[in-house]
Engineer: 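Below: one structure in structure tokens.
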There are 2 protein chains.
Amino acid sequence: MTNRRDLSGPDPDKMVSFEQACKAAGLKLTHQRLEIFRELAQAKDHPAAETLHKRLLERLPTLSLDTVYRTLASLEKHGVICRVDTMESQARFEAEIGQHHHLVCTRCKEISDFQWEAFDLSTLPDELRNWGQLKRRNVTLHGVCRKCLDSG
Amino acid sequence: MTNRRDLSGPDPDKMVSFEQACKAAGLKLTHQRLEIFRELAQAKDHPAAETLHKRLLERLPTLSLDTVYRTLASLEKHGVICRVDTMESQARFEAEIGQHHHLVCTRCKEISDFQWEAFDLSTLPDELRNWGQLKRRNVTLHGVCRKCLDSG
DNA sequence: CTAAATGCAAAATTTTTGCAGTCCC
DNA sequence: GGGACTGCAAAAATTTTGCATTTAG
């Protein structure tokens with residue numbers, strides 16, 4: 001597949017900084033990568049890998065789903081994109097239903113709970129007034145726990 | 001399978017209120033359900049369905065994995081347990097890597113972003129001082145969006 | 001040219017479903 | 001007894017991997 005780069009589009013700035021980010025991360029600027037990122041950057045609905053793939057198929061009929069998965073994983077690893085608040089592919093459960101928050105160690109995947117009353121009582125931003133009916137508010141902190149820091 | 005109820009254990013209170021919650025929700029108190037909840041209530045690691053199943057197999061050798069899935073789904077639906085910050089089984093992505101937060105409509109699964117600087121600048125609870133190295137702090141608000149409220 | 005990235009196909013993982021039999025209430 | 005629940009098996013859905021080929025730098 002010929003690989004003429006197209007950094008134009010609805011938001012050229014994003015594409016240019018994407019190019020720079022790839023260069024900095026040592027990632028090659030392939031046609032597929034460029035288009036996957038462009039599609040994601042334009043999307044406002046936090047799409048799943050398969051959703052992105054479907055949308056891209058119109059432009060890139062030969063793009064394979066596994067390339068989308070690999071590309072998203074790679075871009076996420078290099079901090080160019082984010083995975084939205086999902087732990088991994090597995091769902092995780094708890095019996096604690098009182099108001100509380102989560103600490104997630106990105107290295108060992110351990111999840112622990114903590115309390116934060118000041119947050120629970122704080123006032124939400126004005127822009128949310130009209131969103132709908134809020135039910136739960138949760139904080140998730142991501143980082144590396146002491147155990148993992150000490151052992152590696 | 002004979003179904004003698006055992007509401008004892010490390011935390012009898014939890015088991016008793018579980019029994020009441022089931023009764024209130026019209027859920028039958030089966031042996032499996034009781035044990036699945038007991039195991040989850042004792043667990044401190046927010047286990048996945050498969051993890052729970054493995055642990056339970058020692059006590060309930062015939063317990064099937066699909067019963068664990070069905071039971072967790074049912075208990076979650078009735079608010080007896082919580083699914084931890086996973087949207088669904090599918091991962092969702094975004095290209096926005098600046099600090100921001102998420103609003104999730106539990107009905108239509110729409111995810112939208114919002115800013116909350118006051119939160120970003122707030123001081124974390126003391127108990128987290130020694131946890132490790134924090135990297136990201138995110139708020140996730142769950143509720144039902146206006147569109148869904150109006151249309152249903 | 002060379003290491004990295006892609007596409008294809010196949011496998012692995014996670015979750016859901018149909019159905020017949022079992023158990024709670 | 002009757003409807004809810006379970007186990008089994010099979011399918012669906014999601015994600016990962018091995019390998020030959022192609023491509024960016």
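Residue numbering restarts at 1 for every chain, and letters A, B, ... go by the order of the sequence lines.
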Engineer: It should be established whether A:T30 places a side-chain nitrogen or oxygen under 4.0 Å from OP1 or OP2 of nucleotide C:dA5.
Structural biologist: no
Engineer: Have a look at B:L65 and say if it touches a base, only the backbone sugar-phosphate, or nothing, with a 4.0 Å heavy-atom cut-off.
Structural biologist: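 Contact class for B:L65: base.
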Engineer: What is the distance from CZ of A:R70 to P of D:dC19, rounded to the nearest Å?
Structural biologist: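 Rounded to whole Å, this separation is 13 Å.
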Engineer: I need the NZ-P distance between B:K23 and D:dA4, as an integer number of Å.
Structural biologist: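 Roughly 18 Å, once rounded to whole Å.
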Engineer: Please report, rounded to the nearest Å, how far the P atom of C:dA4 is from the CG atom of A:L75.
Structural biologist: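 Checked: the CG to P distance equals 16 Å.
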Engineer: For B:K28 and B:R33, which heavy atoms make the closest approach, and how far apart are they?
Structural biologist: O-NH1, 2.8 Å
Engineer: B:R137 and A:W116: which non-hydrogen atoms are nearest, and at how many Å?
Structural biologist: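 Looking at all heavy atoms of both residues, the shortest contact is NH1-CH2, 4.3 Å.
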Engineer: Please write out which residues are connected to B:L149 in a hydrophobic cluster, directly or through intermediates, given that two of Ile, Leu, Val, Met, Phe, Trp, Tyr count as joined at side-chain heavy-atom separations below 4.5 angstrom.
Structural biologist: B:V144
Engineer: C:dT6, OP1 or OP2 - any side-chain N/O from A:T71 closer than 4.0 Å?
Structural biologist: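 Yes, because at least one side-chain N or O of A:T71 sits under 4.0 Å from OP1 or OP2 of C:dT6.
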Engineer: For the pair made of CD in A:E76 and P in D:dT15, what is the distance, rounded to whole Å?
Structural biologist: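 Going from A:E76 (CD) to D:dT15 (P), I get 12 Å.
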Engineer: Just say parallel, tilted or perpendicular for the rings of A:H101 and A:F114, cut-offs at 30° and 60°.
Structural biologist: tilted
Engineer: Closest to the B:Y69 side chain: D:dC5, C:dA5, C:dT16?
Structural biologist: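 Of the candidates, C:dT16 comes closest.
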Engineer: Measuring to OP1 and OP2 of C:dC8, would you say a side-chain N or O of A:S64 lies under 4.0 angstrom away?
Structural biologist: no
Engineer: It should be established whether A:T67 places a side-chain nitrogen or oxygen under 4.0 Å from OP1 or OP2 of nucleotide C:dT6.
Structural biologist: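 Answer no for this pair, as no side-chain N or O of A:T67 is under 4.0 Å from OP1 or OP2.
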Engineer: Could you give the CG-to-P distance, from A:D66 to C:dA11, as a whole number of Å?
Structural biologist: 15 Å
Engineer: Please give, in whole Å, the distance from C:dA5 P to A:F37 CZ?
Structural biologist: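 The distance from CZ of A:F37 to P of C:dA5 comes to 16 Å, rounded to the nearest Å.
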Engineer: Between B:L27 and B:A73, which has a closest nucleotide on DNA chain C that is more 5'?
Structural biologist: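 Looking at the nearest nucleotide for each, B:A73 comes out on the 5' side.
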Engineer: With no hydrogens and no angle check, is any side-chain donor or acceptor of A:N138 less than 3.5 Å from a backbone partner on A:H100?
Structural biologist: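 Yes: the side chain of A:N138 pairs with the backbone of A:H100.
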Engineer: How many whole angstroms separate atom NZ of A:K28 from atom P of C:dT2?
Structural biologist: 12 Å
Engineer: Measure the distance from CG on A:L72 to P on D:dT16 and round it to the nearest whole Å.
Structural biologist: 10 Å
